[in-house]
Protein chains: 2
Amino acid sequence: MTKGLTKRQAEVLEFINRYLEEHGYPPTVREVAAHFGFRSPRAAHDHMKALQKKGYLRVRAGRPRAVEVVRPRSGIPVLGRIAAGLPILAVEEAEEVLGLDPGFFGSGRFFALRVRGDSMIEEHIQDGDLVILRAQDWARPGEIVAVLLEDEVTLKRYVPRRDVVELHPANPRLEPIVVTPDQAPRILGVMRGLVRKA
Amino acid sequence: MTKGLTKRQAEVLEFINRYLEEHGYPPTVREVAAHFGFRSPRAAHDHMKALQKKGYLRVRAGRPRAVEVVRPRSGIPVLGRIAAGLPILAVEEAEEVLGLDPGFFGSGRFFALRVRGDSMIEEHIQDGDLVILRAQDWARPGEIVAVLLEDEVTLKRYVPRRDVVELHPANPRLEPIVVTPDQAPRILGVMRGLVRKA
DNA sequence: ATCTTTGGTGTACGCACGTATAGTATGGGG
DNA sequence: CCCCATACTATACGTGCGTACACCAAAGAT
């Protein structure tokens, strides 16, 4: 919940972000108040002041509609460290954010994963590439998925068989991983795109 | 020059865009006036009205700082049709714009090129990929460049030899193109990244 | 020769907007 | 227990801001 914010504050921040994306400019204090049904602009103003004090907004005093959202306008979070067995998928908490218009790869929540090694080289995914994935816990046969294997996130092709689930690397020198459905690793998302730098 | 706009109007539009990127919210009429040294807000207001009439801005009447830039906030133009021997590299004129934060791939002007065929498959660039290029008319040896060959844009590795320039595909089934420096095709840009969808 | 477009100056109106003052209610921590 | 943070209502002040009115000047186009 964007850490350190109250529920209301998070809601206000989210509204400002949505408004910004929709209109191209931020809302006024009174527009925020109107959206939440506040009968006094003071209520909205207080929340925005709190958000500023906590570092989420920068407001130019006295100037109408002069609200800058400091943290992410939007973007795709790059999968960072894995805390308590689960990786961080929220944009707000991500260490690195890919400045790419979400929605470009379709609808849904997305995250990115930096590829290490050449286990997917036959799919033309090379070391250092950022793979874009839609966050979901299921996959269709043949799709490339990010799965959680022993506290590590890896990219594999998802191949369900009659009794087992196979996870295929795209590299002739590597063997598929075979698991029974009950011990199947958790699917974090399916591949929807790729970004390569340099 | 963003087509159909006077020089001043283009300057105003560009300023608004820059201001927006810098602050996260649009400038007021008076801020525009101040930037250009206008002694009356009227001058700036007129230009913004003209820009609105021509479809480049959407302004909410009476509301301070409520200016929406209709055309590209920013982005990377996807190389479209080739007019009069030269492709369109301007964001403003591009048919398709990649909603990707420029600056992600470094500094400079960028454009994108949709790859057809698998002539660069050994570089793990496959059919349908969008290659991101920095616009420049020179290249270092070994860099992947977009060149203009007979009214068509193609991607090749740039290999200058003693007396000739070689353009290598990354596919063993295809032969390099060899040209003398004087008849060398025009370089449009060098590869800096790649975006793959689905 | 006149009209339109472009690019300005100067002044002024009126209201939308940020913000201040004052007050109510709730809930958690020392 | 009191105190502070949270979350509001109600009213009001001052002004930044969009915009209108009036006017000037140069450059094309008709």
Side-chain angles (χ1 to χ4, degrees), chain A residues 1-20 22-70 92, chain B residues 1-20 22-70 92:
Chain A
M1 208 193 296
T2 320
K3 200 183 162 190
L5 295 185
T6 67
K7 196 181 159 198
R8 258 305 197 228
Q9 286 165 4
E11 280 172 23
V12 170
L13 183 59
E14 197 205 319
F15 169 70
I16 294 175
N17 264 309
R18 275 217 327 274
Y19 188 103
L20 202 50
E22 219 170 287
H23 297 85
Y25 49 84
T28 63
V29 172
R30 277 173 173 81
E31 280 167 349
V32 174
H35 174 263
F36 288 97
F38 299 157
R39 325 203 48 163
S40 165
R42 178 66 202 261
H45 190 254
D46 275 357
H47 288 135
M48 290 165 73
K49 244 157 102 176
L51 285 166
Q52 176 168 35
K53 206 172 66 185
K54 293 184 180 177
Y56 289 85
L57 295 181
R58 195 174 302 132
V59 181
R60 243 164 86 200
R63 263 49 196 268
R65 216 185 285 275
V67 182
E68 183 183 356
V69 178
V70 177
E92 290 81 3
Chain B
M1 208 193 295
T2 321
K3 198 183 162 190
L5 296 186
T6 67
K7 195 181 159 197
R8 256 310 195 225
Q9 286 165 4
E11 280 172 22
V12 170
L13 183 58
E14 198 206 319
F15 169 70
I16 294 176
N17 262 310
R18 276 217 325 276
Y19 188 103
L20 203 49
E22 219 169 289
H23 297 83
Y25 48 84
T28 64
V29 172
R30 277 174 172 81
E31 280 168 349
V32 174
H35 175 262
F36 288 97
F38 301 156
R39 324 201 51 165
S40 166
R42 177 68 200 264
H45 189 253
D46 276 356
H47 288 135
M48 289 166 74
K49 245 160 99 176
L51 284 166
Q52 177 168 35
K53 205 172 67 186
K54 292 182 181 178
Y56 289 85
L57 295 181
R58 194 174 305 131
V59 180
R60 243 165 85 199
R63 261 53 194 266
R65 217 186 285 276
V67 182
E68 183 184 356
V69 178
V70 176
E92 291 81 4

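Below, read A as the first sequence line, B as the second, and so on, with proteins coming before strands; counting in each chain starts at 1.
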Inset, instruction - Please assess Q52(B) against M48(B) for the test side-chain contact (heavy atoms from CB on, under 4.5 Å), listing each intermediate value before the final yes or no. - result: CA-CA 6 Å; Q52(B) 177 168 35; M48(B) 289 166 74; over 6 Å; no
Legend entry - Side chains of R8(B) and F36(B) in contact at under 4.5 Å (non-hydrogen atoms): yes
Legend entry - Approximate separation, where rounding is to 0.5 Å, of R60(A) CZ and R65(A) CZ: 14.0 Å
Are there any protein N/O atoms within less than 3.5 Å of an N/O atom in nucleotides 27-30 of chain C, and if so, which ones and at what distance?
none

Legend entry - Side chain proximity check, P64(B) to T28(B), heavy atoms < 4.5 angstrom: no
Inset, instruction - Answer whether the closest heavy-atom distance between the side chains of V70(B) and L57(B) falls below 4.5 Å. - result: no
Legend entry - Distance, rounded to the nearest Å, where H35(B) contributes NE2 and dG8(C) contributes C1': 18 Å
Inset, instruction - Check whether any side-chain heavy atom of K7(A) sits under 4.5 Å from a side-chain heavy atom of E11(A), and report yes or no. - result: yes
Inset, instruction - Give the minimum heavy-atom separation between P41(A) and A33(A), together with the two atoms involved. - result: CA-CB, 4.1 Å
Inset, instruction - Quick one, give me the B/S/- string for nucleotides 5-19 of chain D, reading 5' to 3', where B means a protein heavy atom under 4.0 Å from the base and S means that only happens at the primed atoms, P, OP1 or OP2. - result: -SSBBB-B---SBBB
Inset, instruction - Using the side-chain contact (heavy atoms from CB on, under 4.5 Å) rule, take V32(B) and H47(B) through it: C-alpha gap first, then chi angles, then the decisive distance, then the call. - result: CA-CA 10 Å; V32(B) 174; H47(B) 288 135; over 6 Å; no
Inset, instruction - Can you label the angle between the Y19(B) ring and the H23(B) ring as parallel, tilted or perpendicular, going by 30° and 60°? - result: parallel
Inset, instruction - With axes from five pairs an end, tell me the bend angle of the helix from dT2(C)-dA29(D) to dG28(C)-dC3(D), nearest 10°. - result: 30°
Inset, instruction - Kindly give the heavy-atom pair with the smallest separation between G24(B) and P26(A), and that separation in Å. - result: O-CG, 4.2 Å
